[in-house]
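Everything numeric in this text was worked out from a predicted model, so none of it was measured. For the single chain, residues carry numbers from 1 onward in sequence order. Computation of the quantities below employed the complete heavy-atom set of this structure, encompassing side-chain atoms and omitting hydrogens, waters and symmetry-equivalent molecules.
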Amino acid sequence: MTARNWVQDIPSQEAYAINKILFRVQHDRDEEVRFFADPATYIQSSVLSDKARSALTTTDVGQLYLLGANPYLLRAYCLQLRMPEPEYLSALRAVGDDNHG
């Protein structure tokens with residue numbers, strides 16, 4: 001068995017949109033302020049499924065990973081939220097080995 005650190009071989013358009021949001025929120029102070037003021041409004045014009053919208057607005061780490069969020073961007077986002085390491089790792093472990101490599 002070969003281990004993978006990514007859920008999708010070729011990230012989907014939705015995964016790209018999620019990663020773009022995570023990147024912007026981490027690298028642009030104005031975007032960060034806008035996102036955290038109202039995540040639902042911030043992502044309303046993005047091409048995202050209801051599942052992705054919910055995962056972003058509730059910080060569902062496992063679901064974001066399964067939807068194709070880049071692990072490095074996701075980790076940096078969780079650090080930005082000051083999410084404790086055990087909580088972050090627990091969320092990733094909860095998705096189960098059958099769902100990803």
Roughly how far apart are [X] [atom1] and [Y] [atom2], rounded to 0.5 Å?
X     : Y     : atom1 : atom2 : value
Arg75 : Met83 : CZ    : CE    : 8.5 Å
Leu74 : Tyr65 : CG    : OH    : 9.5 Å
His27 : Gln80 : NE2   : CD    : 9.5 Å
Phe23 : Tyr16 : CZ    : OH    : 10.0 Å

Which pair of non-hydrogen atoms, one from [X] and one from [Y], has the smallest distance, and what is that distance?
X     : Y     : result
Ile18 : Ala69 : CG2-CB, 4.0 Å
Leu67 : Ala52 : CD1-CA, 3.5 Å
Tyr88 : Cys78 : CD1-SG, 3.6 Å
Gly68 : Ala15 : O-CB, 3.7 Å

Close side-chain approach of Val25 to Phe36, heavy-atom, < 4.5 Å: yes
4.5 Å side-chain heavy-atom contact, Leu48 and Ile21: yes
Between [X] and [Y], is there a donor-acceptor pair closer than 3.5 Å when you use the side chain of the first and the backbone of the second?
X     : Y     : value
Asn19 : Asn70 : yes
Arg34 : Thr41 : no
Gln26 : Leu73 : yes

Enclosure of Gln13 CD (heavy-atom neighbours >12, cutoff 6.0 Å): no
Pairs involving residues 59-70, ordered by first then second residue, that meet salt bridge (charged side-chain N to carboxylate O under 4.0 Å, His left out) (sequence neighbours left out): none
Path from Leu22 to Leu79 over hydrophobic side-chain contacts below 4.5 Å: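 No, because Leu22 and Leu79 fall into different hydrophobic clusters, even though each may have its own neighbours under 4.5 Å.
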Single-linkage hydrophobic cluster, 4.5 Å side-chain cutoff, Val33 and Leu81 together: no
Stepwise side-chain contact (heavy atoms from CB on, under 4.5 Å) test for Val95 and Val61: CA-CA 9 Å; Val95 298; Val61 175; over 6 Å; no
Of all pairs that satisfy ring pair (Phe, Tyr, Trp, His ring centres under 6.0 Å), the ones with a partner from residues 38-59, not counting sequence neighbours: Phe35-Tyr42
